[in-house]
Structure formats: C-alpha cells, structure tokens
Asker: 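Please find one structure pasted underneath; my questions will follow.
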Amino acid sequence: MATSASDPNNPGNTLASAVDAEIAKFRELQEQLHGLRGDLQVVMGQQTENEMVQTELNLLKDDVVYKRVGPALVRQELDDAKETVSKRLEFISKEQDKLKAKMSAMEKQLDEKGRKIAGMQTDMQRMTAQAVQAIQQQHTQQKAS
C-alpha cells in the first residue's frame, strides 16, 4: 500500500516539516540581523554627533563651556567637556565593535542555515523523484501482469 501525502509516517512530510522549521529559524535570524543593523545605524549617528561636538570643542578659545541640563545651562570646564566627549566616543566605538561582531556571527549562522535548508530541499527533491520512479515502476509492473 502506498503512503499518502497526508500520512504522518510519510518521510516527505517529515522532511517538509523540518524544512519549514529551519526556514522559520532562518527568517527569525534575518529579523534579528535587521534589528542589529538598525542599532548600528543609531550608534553611528551618535558617533557622528559626538565627533562634531569634539571638533567644535577643539575650536574654542575659552576655558569654559555651558552644558544644557534640562532647562538650565550649567557651567563646565572645557577640559572636562573634552574628556567627557572623548570617553563617550570610546564607549561608542566599543559598542560599534560589539554590534559588528554580533552581526558577523549572525551572518555566519544565516549562511550555514541557508546551506542546510538548500541541502534539505535537495534531499526532498531526490526523495520525490525516487517516489515518482517507484510509482511508475509499480504501474509498469501492473500493466505487464
């Protein structure tokens, strides 16, 4: 007796379910990577903004700057402001490195998952072709007898 397409013991159904599960994981990884790219863009924007502040601080001749804290302007020494911006840029740079490392690892996972899915789909196509051949042989044998 031949197995039907809805038979849970059908190896094609089992493999198709496994492929669907891997594709779902692949899409989830893609979404996570997209989120990381967005985070990296935000951090890069912060870096640009802080580099502009650092450039402007380097152009100042006075030793005092005013920092906005809520609705008030607070006096701050120029050297303190430069140090604060420099530390902020260091932090941002480290954050960028972390995000880039995560993105690289995730891209590697996506590549591996894509190859795995392609292999599974190839196996499924091979199994389908074998099943078709087996059915054709059964029909040929039935006609001969």
Side-chain angles (χ1 to χ4, degrees), residues 1-140:
M1 179 172 117
T3 58
S4 72
S6 62
D7 183 2
N9 296 323
N10 182 341
N13 285 348
T14 305
L15 190 55
S17 296
V19 169
D20 289 344
E22 289 299 318
I23 289 172
K25 291 176 188 175
F26 183 84
R27 287 186 179 137
E28 183 179 324
L29 284 173
Q30 282 181 319
E31 288 176 20
Q32 290 173 2
L33 181 61
H34 180 72
L36 287 176
R37 284 187 178 135
D39 293 346
L40 182 61
Q41 286 179 338
V42 168
V43 171
M44 289 173 78
Q46 291 172 343
Q47 180 182 25
T48 301
E49 182 180 323
N50 279 279
E51 286 171 346
M52 289 187 332
V53 169
Q54 187 177 45
T55 300
E56 290 180 20
L57 289 176
N58 288 334
L59 294 173
L60 291 176
K61 304 283 188 233
D62 296 333
D63 288 339
V64 176
V65 293
Y66 292 90
K67 175 180 177 181
R68 184 175 178 178
V69 178
L73 291 177
V74 178
R75 182 182 169 126
Q76 185 177 20
E77 293 296 320
L78 181 59
D79 290 337
D80 291 342
K82 286 181 179 180
E83 185 177 332
T84 300
V85 171
S86 178
K87 287 186 188 265
R88 217 179 291 146
L89 283 168
E90 284 178 34
F91 174 78
I92 289 170
S93 178
K94 289 177 185 176
E95 195 63 26
Q96 275 184 338
D97 292 343
K98 287 179 191 176
L99 286 169
K100 287 177 182 177
K102 282 182 182 180
M103 286 172 57
S104 178
M106 196 162 290
E107 286 168 349
K108 184 179 176 184
Q109 284 180 333
L110 278 167
D111 189 46
E112 290 171 2
K113 186 93 35 205
R115 282 195 300 264
K116 181 177 181 180
I117 290 169
M120 292 171 81
Q121 288 173 332
T122 300
D123 290 346
M124 225 166 55
Q125 289 171 346
R126 188 178 334 103
M127 288 175 63
T128 301
Q130 290 171 349
V132 167
Q133 285 179 341
I135 291 169
Q136 287 174 341
Q137 286 175 356
Q138 283 178 353
H139 285 298
T140 304

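From a predicted model like this one, the values you see are computed outputs, not experimental measurements. Numbers here are sequence positions counted from 1.
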Asker: For the atom pair CG (Asn50) and CZ (Arg88), what is the distance rounded to the nearest 0.5 Å?
Answerer: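 That separation rounds to 5.0 Å.
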Asker: Ignoring hydrogens, what is the shortest heavy-atom contact between Leu33 and Met106? Give both atom names and the distance.
Answerer: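 What the structure gives for the nearest pair is N-SD, 3.3 Å.
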Asker: Only one of Lys102, Arg37, Lys100 forms a salt bridge (charged side-chain N to carboxylate O under 4.0 Å, His left out) with Glu107, so which one is it?
Answerer: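 Going through the options one by one, the only one that passes is Arg37.
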Asker: What heavy-atom pair brings Val69 and Val74 nearest, and what distance separates the two atoms?
Answerer: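 Distance-wise, the nearest heavy atoms are CG2-CG2, 3.7 Å.
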Asker: Please report the interatomic distance CD(Gln109) to OG(Ser104), rounded to the nearest 0.5 Å.
Answerer: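 Going from the CD atom of Gln109 to the OG atom of Ser104 covers 10.5 Å.
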Asker: With rounding to the nearest 0.5 Å, note down the distance linking CD in Gln46 to CG in Leu89.
Answerer: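 So the CD of Gln46 and the CG of Leu89 are separated by 10.5 Å.
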Asker: Measuring from atom CG of Leu60 to atom OG1 of Thr55, what distance do you get when rounded to the nearest 0.5 angstrom?
Answerer: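 The CG atom of Leu60 sits 11.0 Å away from the OG1 atom of Thr55.
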Asker: Heavy atoms, side chains only, cut-off 4.5 Å: are Val64 and Gln76 in contact?
Answerer: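 No - every pair of side-chain heavy atoms lies 4.5 Å or more apart.
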Asker: Would you please name every residue forming a side chain to side chain donor-acceptor pair (under 3.5 Å) with Glu95, sequence neighbours left out?
Answerer: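 With neighbours one apart ignored, the set is empty.
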Asker: Taking Lys87 first and then Glu90, would you say they form a salt bridge - that is, a charged N and a carboxylate O separated by under 4.0 Å?
Answerer: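 Not counted as a salt bridge, because no side-chain N and carboxylate O are separated by less than 4.0 Å.
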Asker: How long is the gap from CG on Leu99 to CD1 on Ile92, to the nearest 0.5 Å?
Answerer: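 With rounding to 0.5 Å, CG (Leu99) is 11.5 Å from CD1 (Ile92).
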Asker: Starting from the C-alpha separation in whole Å, work towards a yes-or-no answer on salt bridge (Lys or Arg N to Asp or Glu O under 4.0 Å) for Lys25 and Glu28.
Answerer: CA-CA 5 Å; Lys25 291 176 188 175; Glu28 183 179 324; over 6 Å; no
Asker: Distance check, rounded to the nearest 0.5 Å: Glu83 atom CD versus Leu57 atom CG?
Answerer: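 Answer rounded to 0.5 Å: 12.5 Å.
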Asker: Do any N or O atoms from the side chain of Arg27 and from the backbone of Leu29 form a donor-acceptor pair under 3.5 angstrom?
Answerer: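 Such a contact is absent between Arg27 side chain and Leu29 backbone.
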Asker: Can you name the residues that form a side chain to side chain contact (heavy atoms under 4.5 Å, CB included) with Asn58, not counting sequence neighbours?
Answerer: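 Checked Asn58 against side chain to side chain contact (heavy atoms under 4.5 Å, CB included); matches are Gln54, Lys82.
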Asker: Using distance only, find each side-chain donor-acceptor pair of residues 120-132 under 3.5 Å and give its atom names and separation, not counting sequence neighbours.
Answerer:
{"from": "Thr122", "atom 1": "OG1", "to": "Ala118", "atom 2": "O", "distance (Å)": "2.9"}
{"from": "Asp123", "atom 1": "OD1", "to": "Arg126", "atom 2": "NH1", "distance (Å)": "3.4"}
{"from": "Asp123", "atom 1": "OD1", "to": "Arg126", "atom 2": "NH2", "distance (Å)": "2.8"}
{"from": "Thr128", "atom 1": "OG1", "to": "Met124", "atom 2": "O", "distance (Å)": "2.8"}

Asker: For residues Leu110 and Phe26, report the shortest heavy-atom separation together with the two atoms involved.
Answerer: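 What the structure gives for the nearest pair is O-CE1, 3.3 Å.
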Asker: Decide yes or no on side-chain contact (heavy atoms from CB on, under 4.5 Å) for Gln47 and Val43, but give the supporting numbers first.
Answerer: CA-CA 6 Å; Gln47 180 182 25; Val43 171; 5.7 Å; no
Asker: Hey, is NZ on Lys113 packed in by over 12 heavy atoms from elsewhere, all under 6.0 Å?
Answerer: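 Counting neighbours around NZ of Lys113, more than 12 heavy atoms of other residues, nucleotides or ligands fall under 6.0 Å, so yes.
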